[in-house]
2 protein chains.
Amino acid sequence: MGSKSEKASRRPRADSIRNRERLLEAATQIFSAGGPQASLEAVAREAGVGIGTLYRHFPTREALFEAVYRHEVDLLGDLAEQLAQETDTVEALRKWLQANVRLVATKKGMIEALQLVAHGSSDLKAYSFERMTGAIGLLLDRAVAAGEIRSDISPEDLLRTLVGIFYSQGTVDWQPTALRLVDVFVDGLRKR
Amino acid sequence: MGSKSEKASRRPRADSIRNRERLLEAATQIFSAGGPQASLEAVAREAGVGIGTLYRHFPTREALFEAVYRHEVDLLGDLAEQLAQETDTVEALRKWLQANVRLVATKKGMIEALQLVAHGSSDLKAYSFERMTGAIGLLLDRAVAAGEIRSDISPEDLLRTLVGIFYSQGTVDWQPTALRLVDVFVDGLRKR
DNA sequence: TGATAAACGGAGGCATCCTCCGTATAAATA
DNA sequence: TATTTATACGGAGGATGCCTCCGTTTATCA
């Protein structure tokens with residue numbers, strides 16, 4: 001076969017990798033502050049690269065947005081794995097749920113973003129659903145196995161509840177309320 | 001007390017009234033197709049007026065959007081009053097709920113719009129909440145008074161359920177599912 | 001039938017979107 | 001190390017949208 005057509009593609013360039021990371025970081029920052037329709041030129045500026053570079057790495061706004069969102073979901077997944085080391089299974093679950101509230105609270109644009117995800121790319125939807133229910137399942141199973149909480153609640157139920165808590169709020173100063181609701185819910189999960 | 005300061009303002013100009021109506025109609029159309037961030041210049045074009053005229057009547061995008069949304073809510077309120085004439089009280093309620101589903105299904109942008117309302121102007125929120133619960137209450141009370149359905153469901157409960165049905169859907173071809181859910185719910189309301 | 005208050009239209013200044021292509025540079029090769 | 005070349009970079013530029021401002025038009029009123 002030809003020696004050209006299947007050349008074992010070069011190693012990706014260092015600057016390319018660096019710029020991609022910078023863009024992702026900048027986008028997280030800018031989207032957090034301004035919501036998912038913030039200016040892409042602002043993202044490029046923040047990252048210190050040209051607008052053309054942004055578009056090469058992320059051809060559409062959605063592509064960039066997806067990358068950012070996936071990263072956040074991955075962080076939550078990793079956090080769950082960390083928390084699964086703790087001995088107090090119920091506390092671990094509570095902490096993870098609270099981390100979710102704090103994440104959304106810190107990032108103004110996140111609620112709009114969640115809505116966008118809910119009605120957008122079903123690839124991303126499937127991925128984040130799986131990753132999130134996986135994280136929840138991990139913590140939930142441990143607590144159930146330890147005999148600490150009731151066993152008739154599925155990870156999906158919990159995820160939906162969480163989303164419900166986010167959705168019903170979203171105005172100023174909702175974080176305390178949301179944290180309280182999480183507490184009530186976790187307490188409610190306990191075996192009496 | 002001056003004779004000038006309180007002059008009995010002229011009759012509004014005919015063209016002004018006409019243009020306002022045209023704009024509202026055009027905006028309903030354009031927002032339905034493109035969601036709440038559709039181009040305002042497109043609205044003006046569709047209405048056949050200059051962009052300046054649009055901005056005079058509706059100084060901000062939100063103002064225009066509010067006017068459109070209020071109009072939709074009013075239509076639903078009026079529909080409830082009509083349906084309150086029907087003899088079959090449960091069917092009347094079912095029809096009204098189905099009309100809601102159809103309205104949202106027809107107007108692509110409506111789901112985004114609802115979310116915008118949910119986190120936006122609390123004037124509009126209060127108005128639409130009142131108008132909607134009023135409409136539901138009208139139909140619900142009749143059915144309860146007729147002894148057709150259980151009496152422990154409030155208009156607010158029903159409204160939240162409706163919004164829940166809208167929120168959980170929103171992708172392609174969700175209308176049949178939503179209609180089915182409405183049916184199930186109405187049947188569930190019946191006294192056994 | 002004027003006079004005039006009110007409404008109209010759209011040019012213009014600014015921001016953002018996205019594409020295109022000449023220039024720069026990291027990796028491969030000799 | 002020097003040269004080649006695939007790859008990535010930056011930003012100008014055309015298109016579109018936002019909103020304001022103001023000269024022109026027109027409906028109402030006397």
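Here B:R70 pairs with B:E66 under the salt bridge (charged side-chain N to carboxylate O under 4.0 Å, His left out) rule; sequence neighbours left out. Qualifying side-chain hydrogen bond (donor to acceptor under 3.5 Å, both in side chains) partners for B:D88, counting only residues two or more places apart in sequence or in other chains: none. Here B:A84 pairs with B:L138, B:L139, B:R142 under the side chain to side chain contact (heavy atoms under 4.5 Å, CB included) rule; sequence neighbours left out. Taking the side-chain hydrogen bond (donor to acceptor under 3.5 Å, both in side chains) definition, one finds that B:D187 meets it with B:R94, sequence neighbours left out. Evaluation of the side chain to side chain contact (heavy atoms under 4.5 Å, CB included) rule for A:A143 yields A:T89, A:I149 as partners, not counting sequence neighbours.
OP1 or OP2 of C:dC17 sits under 4.0 Å from a side-chain N or O of A:S39. The side chain of B:T53 places an N or O atom within less than 4.0 Å of a non-bridging phosphate oxygen (OP1 or OP2) of C:dG9. Taking only side-chain nitrogens and oxygens, B:H57 never comes nearer than 4.0 Å to OP1 or OP2 of C:dA7.
Straight-line distance from the CZ atom of B:F58 to the P atom of D:dT20: 16 Å, rounded to whole Å. Nucleotide C:dC17 holds its C1' atom 7 Å from the CD atom of A:E41, rounded to whole Å. Taking atom CZ of residue A:R45 and atom C1' of nucleotide D:dG11, one finds them 13 Å apart after rounding to whole Å. For the pair A:E62 CD and C:dC18 C1', the computed distance is 13 Å after rounding to whole Å. Rounded to an integer number of Å, the gap from CG of A:L54 to P of D:dG10 is 11 Å.
No more than 12 heavy atoms of other residues, nucleotides or ligands shown are found within 6.0 angstrom of CD on B:E130. For CD of B:E91, the number of neighbouring non-hydrogen atoms (other residues, nucleotides, ligands) closer than 6.0 Å is greater than 12.
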Sequence neighbours excluded and cut-off under 3.5 Å, please list the side-chain donor-acceptor pairs for residues 56-63 of chain A, or say none.
from  : atom 1 : to    : atom 2 : distance (Å)
A:T60 : OG1    : A:E62 : N      : 3.4
A:T60 : OG1    : A:A63 : N      : 3.0
A:R61 : NH1    : A:P36 : O      : 2.9
A:R61 : NH1    : A:A38 : O      : 2.9
A:R61 : NH2    : A:A38 : O      : 3.3

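Every pair tested for side chain to side chain donor-acceptor pair (under 3.5 Å) that includes a residue from residues 17-46 of chain A fails, sequence neighbours excluded, so the list is empty.
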Scoring nucleotides 19-30 of chain C by protein non-hydrogen atoms under 4.0 Å (B base, S sugar-phosphate only, - none) yields B-----BSBS--
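Contacts between residues 19-37 of chain B and DNA chain D, defined by a heavy-atom separation below 4.0 Å, involve no residue at all.
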